[in-house]
Every structure is written in structure tokens, then in C-alpha cells.
2 protein chains.
Amino acid sequence: MPTIEDVARHAGVSTRTVSRVLNDRPNVRSEVRERVLAAVEQLGYRPDPNARALKSGRKQIIGIVANAVSSDTTLRRIEIISKLFAHSGYAVLMQFAESSEMEEAAINAITPRCDGLVIFSNLHSSHSPALLMLHNHRIPFIVVDPPVDIAFPSIYIDRRSGYREAVRYLVQRGRQELLLVVESFRSSERIAGFLEGLERENRPFRSNRILHTGKGFQGGVDVAPLVLRVLQEEQIDGILCHNDKIALGLLGALQKEHIQIPEALALIGFDDDNFSAYINPPLTTIAQTGGDVGAYIYEQLKNAIEYGTAIESRTFGTGLVLRASA
Amino acid sequence: MPTIEDVARHAGVSTRTVSRVLNDRPNVRSEVRERVLAAVEQLGYRPDPNARALKSGRKQIIGIVANAVSSDTTLRRIEIISKLFAHSGYAVLMQFAESSEMEEAAINAITPRCDGLVIFSNLHSSHSPALLMLHNHRIPFIVVDPPVDIAFPSIYIDRRSGYREAVRYLVQRGRQELLLVVESFRSSERIAGFLEGLERENRPFRSNRILHTGKGFQGGVDVAPLVLRVLQEEQIDGILCHNDKIALGLLGALQKEHIQIPEALALIGFDDDNFSAYINPPLTTIAQTGGDVGAYIYEQLKNAIEYGTAIESRTFGTGLVLRASA
DNA sequence: TTGTAGGCGTTATCAT
DNA sequence: ATGATAACGCCTACAA
């Protein structure tokens with residue numbers, strides 16, 4: 001690997017001049033600039049980013065820490081963030097963590113390598129030494145969709161309003177008795193929205209109207225027997241699911257019992273997964289609104305890094321995407 | 001940020017000794033080691049990875065270059081690779097590229113920052129200056145599922161055998177007239193397998209039995225009218241699709257026309273997407289076999305980096321995952 | 001407009 | 001077992 005000195009020698013100038021050319025600084029005769037560029041080309045010189053970072057502090061890297069149970073949504077957001085930053089000359093350094101402790105460790109591990117961080121957090125406590133450290137060192141960062149409120153710049157997804165709105169929609173369309181099927185993790189906002197919706201529509205709530213199940217498609221399949229029992233005992237005519245995967249798993253099981261959807265039963269998911277518009281019947285779902293989360297992160301973080309602006313927290317809403325299933 | 005010198009002073013030793021402790025080197029009295037560790041803890045010292053990389057050349061980073069049209073499969077593989085390497089103390093540096101030129105540029109950009117690379121390539125030519133550069137500099141790398149054969153360590157997915165086997169399966173189950181629906185990109189192997197299958201089963205081929213369409217679910221929907229026309233003119237009773245998304249889009253359109261699947265028509269996809277087992281009917285599909293691609297990459301690349309072993313190319317097979325749709 | 005030289009924080013050679 | 005010191009490759013204050 002050639003160094004800046006090799007280039008300097010080759011071009012017959014000093015390293016200082018090479019550095020000037022490489023960093024687009026003024027005070028270089030264009031003839032000299034040409035000569036340097038030619039030498040760079042010939043030798044195949046590439047500045048060592050580590051040496052550069054060591055000296056200047058600029059690393060041109062965005063750090064992303066994500067929890068292990070990363071949803072498709074998270075992966076897509078990471079992809080978008082990565083692509084946007086690529087246009088500005090940043091690469092993305094990614095580390096997955098499988099627990100809160102690992103998350104703290106991952107933050108500590110990648111922080112010295114990057115100019116700013118995006119944290120897809122599962123932190124269960126609002127007290128995080130790692131985040132505090134970032135804050136104290138003035139390193140720009142933003143936390144995405146944390147399960148608890150946090151005293152640092154964050155993006156929140158207001159799931160509650162989506163479920164509330166979904167309940168309202170169903171009731172106003174004449175659905176009388178509703179059921180909520182949730183996974184164990186991240187269910188509280190959904191439950192809160194469900195309850196709020198019922199209350200606003202003056203519908204009574206009974207505790208057997210909330211069913212808990214496992215994660216993903218299989219969770220939907222597994223909960224089906226339970227759902228069928230409740231369906232018979234009570235006159236359930238609408239179900240809200242934790243997400244589209246649960247909904248699809250449940251849908252298949254219900255169709256096997258020849259339950260007509262949406263005629264006999266309305267079904268609503270959450271997330272607007274890519275398949276949801278194409279299954280049979282197309283799935284009505286609750287989805288995040290208000291623009292792209294990844295794009296917002298990009299703008300905020302980039303400005304914070306390059307211009308020192310403060311990162312603003314923001315809450316993204318959720319709303320119904322109407323399709324045939326409800 | 002405290003430096004190694006601060007730690008040395010604090011512990012009353014030299015920087016060399018601190019370095020020994022930090023890198024688990026021998027020749028340090030355990031009493032001294034304790035003292036150093038205590039100082040590290042107290043000062044909250046973290047070694048600067050840039051300085052370390054500058055001096056030692058070890059960066060503890062794996063680079064990943066992926067093409068812009070990254071499939072779910074690619075994202076999942078990236079996730080798996082990232083998690084595996086995280087256990088060995090490596091983070092993953094990711095850059096997306098939207099063209100062959102950008103791909104070359106991305107490789108050049110991240111190479112100086114990493115110990116090894118994984119390249120999810122769309123390179124259309126087997127001649128790549130960037131890959132040649134990696135090879136010449138002895139930087140371990142592996143190319144994943146390139147569209148063309150490459151003279152460097154690569155992972156290939158043998159789609160051809162999967163389509164061939166699918167044809168055989170359908171014919172042996174009494175399906176007489178088969179159709180292939182493909183996207184424009186990466187269709188040649190699928191077509192080759194389809195033709196080979198027909199030939200081996202002594203089935204004639206007519207050129208109108210291959211339909212081209214757009215990408216993803218919508219591609220499946222869009223091709224439906226064309227499929228329906230062929231369906232009526234010829235006695236088609238089996239369709240192979242480019243992937244599960246195409247299959248699902250097409251499935252919905254066919255069901256709208258009350259075509260019974262699998263009774264009247266067998267449908268087969270490719271990829272075994274996460275939703276495929278849960279749609280109605282569950283989708284028979286062709287999937288990659290032979291273990292996890294991400295795990296193989298991890299093993300090969302890690303050994304190459306840490307022990308200098310050569311990376312071995314490998315071809316992963318594909319096989320039928322039987323479900324109800326065919 | 002151009003060059004000299006010191007230092008960023010670490011590792012590693014060599015001496016003790 | 002431990003320490004002084006010279007790099008690693010780059011940036012930049014200062015000098016010319």
C-alpha cells in the first residue's frame with residue numbers, strides 16, 4: 001500500500017501539498033494539482049482512513065446498533081439509512097445485540113469508530129450508562145422506537161392511536177364484539193389503544209377479550225384453537241392482531257374452519273408487511289404514517305454531525321390501511 | 001477521552017505494560033495486571049480502535065457490499081453474518097451500491113477499513129478491477145451468488161437443478177403442460193432448469209411456455225391476464241414461478257377467477273419466503289439447501305482472516321419444499 | 001504557493 | 001517482568 005509520502009515523492013512535492021490536493025484545499029497551482037492526481041492514480045494510492053480518523057477525528061461512519069429480534073421493518077430501515085448515507089460518503093457500521101447488556105457493550109464498542117449512532121433499542125430501562133456516555137461526549141445519536149420513554153433524542157411510533165382508530169372503525173362498521181391477539185413483547189401500547197377505543201365507543205371490555213400468543217406466523221396458528229373457542233362462546237365479529245404475521249397465521253387456521261372473512265369476522269393486522277396486500281383476502285392493517293423513518297433519521301443525524309444541529313425527537317403516527325379483510 | 005498513557009500513569013506502570021494487559025499478553029505479574037485493570041475501570045478508558053488499526057493493521061471489521069436491489073434473503077444473510085461475527089468481536093461495515101460502477105467504488109472505499117469482505121454482487125462482468133485489487137492485496141473476500149461465474153472465491157446457488165427437479169416432480173404427478181413465469185433479471189438459470197427438466201421427461205417445449213413479467217408481487221398480478229389467456233388456449237396444469245412473491249401475486253389473481261389450486265393447476269415458487277407456508281393454499285416452493293449460507297461465509301472468512309486459510313468456493317443446491325399448492 | 005516537523009494513540013522492538 | 005522509544009499514515013500549525 002503506497003503512502004502519502006510515496007505520492008509526494010512520485011509527484012516531486014511535499015506531503016503537505018498532496019494532503020492539500022486530497023482534501024480539496026486551496027493554495028495549490030493547478031499544474032501541481034494535476035501532477036499529484038496523476039501520481040495518486042498511477043500508484044493506486046488510497047488514503048488510510050484509520051490514520052486520517054486518528055488525526056482528524058472524522059470517521060465517515062455511522063454506527064447502527066440493533067437488537068437481535070430485528071423485524072423486517074428494522075432491516076428495511078437499516079437498508080434505507082445505509083443507502084442514504086452512502087450518497088453522502090458515509091458507510092454504516094452495524095452491530096447486533098441480543099440483550100440489554102450486549103446492547104450497552106455494542107454501543108461502547110462501536111462509538112469510537114463512528115461520527116454518529118442510530119440505536120434500534122430494546123433497552124427496558126430509561127437509565128442507560130452507554131447513552132449517557134454518548135450524551136456526555138457530544139456524539140450525535142438517535143434512539144428508534146424504544147419500548148420505554150427515554151430522555152434522549154428518539155423516534156417513537158404511536159401504536160396506541162392506530163389500535164384505537166381500528167376499534168373505532170370496526171365499531172362504526174357495525175362490529176359488536178372485538179378480540180385482541182397480542183404477542184408478549186411490546187403489547188402494552190396495543191392493549192392501551194384497544195381499551196381506549198372500546199371506551200370511547202362505549203363498548204364494554206371483558207378481560208377474556210385479550211389473547212396472548214407466541215411470536216410470528218406460528219403464533220397466529222397456535223392461538224387459533226383458543227380464538228375458535230371464544231368465537232363460539234361469545235359473538236365475536238372482529239379481531240385485531242399484534243401484527244400481519246400473527247394475522248396471516250390466524251387467517252389460515254380460521255379459513256380451514258370455513259369462517260368467512262370479512263363477512264363473519266373482520267381481521268386487522270399491524271405493520272403492512274409486503275405480502276399483506278396480496279393474500280386472500282387482502283389484509284386491512286395498521287401502519288406507520290408520517291413519512292419514512294429512515295429518511296428522518298438521515299436528515300437529523302447528518303445535520304447533527306456536519307453542522308452541529310440538535311437532533312429533534314419525533315413521534316410517527318399510525319393509521320388504518322383499508323383492504324378487504326375488515 | 002483518556003489515553004493509554006493516562007492509564008499507565010494512574011497505575012504507575014509504563015504504556016507497554018498497559019498494552020500487555022489489554023491484549024492478554026504474558027509476562028505481567030498478576031498484581032500489576034489487577035492494578036492496570038483497576039485504572040482502566042476508574043478512568044473509563046477505551047482503546048482507540050483507529051490508533052490500534054493504524055499500528056497493528058487489525059481492524060476487527062468485516063465489510064459487506066450489497067447491491068441496491070437487495071432481496072429479503074440478502075438482508076437476512078447480512079443479519080446472520082453480522083450476528084455471527086459479533087460473537088467473535090467483529091462489527092460489520094456495510095455499503096450499498098446501485099450499479100456495477102458504484103459497487104467497484106464501494107469495494108475500494110471500505111476495503112482499507114476491514115479485515116475481510118463479503119460481496120453480494122450484481123457484477124455483470126467476470127472482470128472486476130476491484131476484486132483483482134483485493135486478490136492482489138491478499139485481502140480475504142468471498143462473492144455471494146454472482147450472476148456470472150467468477151475466478152475468485154464465491155458462493156453459487158444452483159437454481160437450475162431446483163427448477164429441473166420441480167418439473168420432474170410435476171410431470172411425475174401427472175401434470176402435462178407446464179408454464180414458467182420469470183422476471184427479467186436472473187432468469188437464465190431458471191429457464192435452463194425448466195428446459196432441462198422438460199427434456200429429461202420427454203416433454204415438448206413451446207416458446208410460448210415462458211412468460212416474462214415485472215418484479216415482485218405486482219409482477220405476479222400483472223402477468224395474470226396473460227397467464228389466463230394461455231391457460232385457456234392450452235391445457236396448462238402447472239406453473240413454475242420466478243419466486244414466491246410472483247407466485248403469491250399470481251395466486252391471488254387466479255383465485256379471483258375461481259381456478260382451483262392445486263386441483264386445476266399446480267403452482268410452485270422459489271425462495272421459501274417466510275409467508276409461504278401460511279398462505280392459502282400453502283405454497284410449494286424451491287429453496288436453497290445445504291445449510292446456511294451466512295454460516296458458511298462466517299466460517300470461511302473468519303478462518304481466512306485469523307489463520308490465513310484459503311477460502312473455498314462452494315455451490316449450494318436447491319430442492320423442493322412440498323406443500324399444498326403442487 | 002509550498003515545505004518542515006510534531007503529534008494523534010497505539011503496538012512492538014530492544015534493552016534492562 | 002518491565003520500560004524507553006520508534007514507528008504506523010495522516011493532518012496541520014508554523015515557517016519560508
Side-chain angles (χ1 to χ4, degrees), chain A residues 1-40 43-61 89 108-115 137, chain B residues 1-40 43-61 89 108-115 137 139 306:
Chain A
M1 280 263 109
T3 76
I4 197 172
E5 253 183 297
D6 299 325
V7 176
R9 224 185 338 265
H10 200 87
V13 297
S14 77
T15 62
R16 183 67 182 90
T17 301
V18 177
S19 177
R20 281 204 183 84
V21 173
L22 261 41
N23 298 308
D24 274 322
R25 290 264 196 296
N27 293 342
V28 178
R29 286 213 320 270
S30 65
E31 182 234 327
V32 175
R33 160 168 268 115
E34 295 303 322
R35 203 138 40 93
V36 170
L37 258 22
V40 166
L43 300 179
Y45 168 75
R46 313 204 59 85
D48 180 335
N50 293 302
R52 178 176 275 180
L54 176 59
K55 186 63 190 159
S56 72
R58 303 201 127 221
K59 308 167 191 78
Q60 298 287 89
I61 291 184
N108 286 324
I110 69 174
T111 295
R113 303 191 213 254
C114 36
D115 302 316
H137 289 298
Chain B
M1 281 264 106
T3 76
I4 197 172
E5 255 183 295
D6 299 324
V7 176
R9 222 183 343 262
H10 201 87
V13 297
S14 76
T15 61
R16 183 66 183 90
T17 300
V18 177
S19 177
R20 280 204 185 86
V21 173
L22 262 41
N23 297 308
D24 275 321
R25 290 264 197 295
N27 293 343
V28 180
R29 281 213 324 271
S30 65
E31 182 234 326
V32 175
R33 161 168 267 115
E34 295 303 323
R35 205 141 37 95
V36 170
L37 257 22
V40 166
L43 300 179
Y45 167 76
R46 311 204 60 86
D48 180 333
N50 293 303
R52 180 174 274 181
L54 174 58
K55 185 59 189 160
S56 72
R58 305 199 126 221
K59 306 166 192 82
Q60 298 286 92
I61 291 183
N108 287 324
I110 70 174
T111 295
R113 301 192 215 256
C114 34
D115 303 315
H137 289 222
I139 295 167
E306 302 193 344

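So that the names make sense, note that chain A is the first sequence line, chain B the second, and so on, each numbered from 1. Because the structure is a prediction, the values reported are computed rather than measured.
Atom CG of A:Leu54 is separated from atom P of C:dT11 by 12 Å (rounded to the nearest Å). For B:Ile4 and C:dG7, the CD1 to P distance is 19 Å, given to the nearest whole Å. The interatomic distance linking B:Lys59 (NZ) with D:dC8 (P) rounds to 15 Å, in whole Å. In this structure, B:Arg113 atom CZ and D:dC10 atom C1' are separated by 14 Å, rounded to whole Å. Nucleotide D:dC8 holds its C1' atom 16 Å from the CZ atom of B:Arg58, rounded to whole Å. If you take OH of B:Tyr45 and P of C:dG9, they are 10 Å apart, rounded to a whole angstrom. As a whole-Å value, the separation of A:Asn50 CG from D:dA7 C1' is 16 Å. Atom CZ in B:Arg9 sits about 12 Å away from atom P in D:dA4, given to the nearest Å.
Contact annotation: side chain of B:Lys55 to base of C:dA12, donor-acceptor pair absent below 3.5 Å.
A 4.5 Å side-chain heavy-atom check between A:Val40 and A:Leu22 finds at least one atom pair inside the cut-off. Here the side chains of B:Ile61 and A:Arg113 are in contact, with some heavy-atom distance below 4.5 Å. Contact annotation: the side chain of B:Arg33 approaches that of B:Asp24 to within less than 4.5 Å [non-hydrogen atoms, C-beta and beyond]. For the pair A:His10/A:Val7, no side-chain contact is recorded, criterion being any heavy-atom separation below 4.5 Å from C-beta on.
Out of C:dT10, D:dC11, C:dT2, the shortest distance to the side chain of B:Arg52 is found at C:dT10. When each of C:dT2, C:dT11, C:dG9 is scored by its nearest atom to the side-chain atoms of B:Ser56, the top-ranked nucleotide is C:dT11. For B:Val13, taking side-chain heavy atoms from C-beta onward, the closest of the listed nucleotides D:dC10, D:dG3, C:dT11 is D:dG3. You'll find that the side chain of A:Thr3 is closest to D:dG9, out of C:dT10, D:dG3, D:dG9.
Side-chain atoms of B:Arg35 come within 3.5 Å of backbone N or O of B:Ala11 as a donor-acceptor pair. In terms of modelled atom types and a separation under 3.5 Å, the side chain of A:Asp115 and the main chain of A:Lys59 share a donor-acceptor contact.
Not counting sequence neighbours, the partners of B:Ser19 by the side chain to side chain donor-acceptor pair (under 3.5 Å) test are B:Asn23.
Taking a 4.0 Å limit (strictly below) on heavy-atom distances, residues 14-30 of chain B reaches DNA chain D at B:Ser14, B:Thr15, B:Arg16, B:Thr17, B:Arg20, B:Asn27, B:Val28, B:Arg29.
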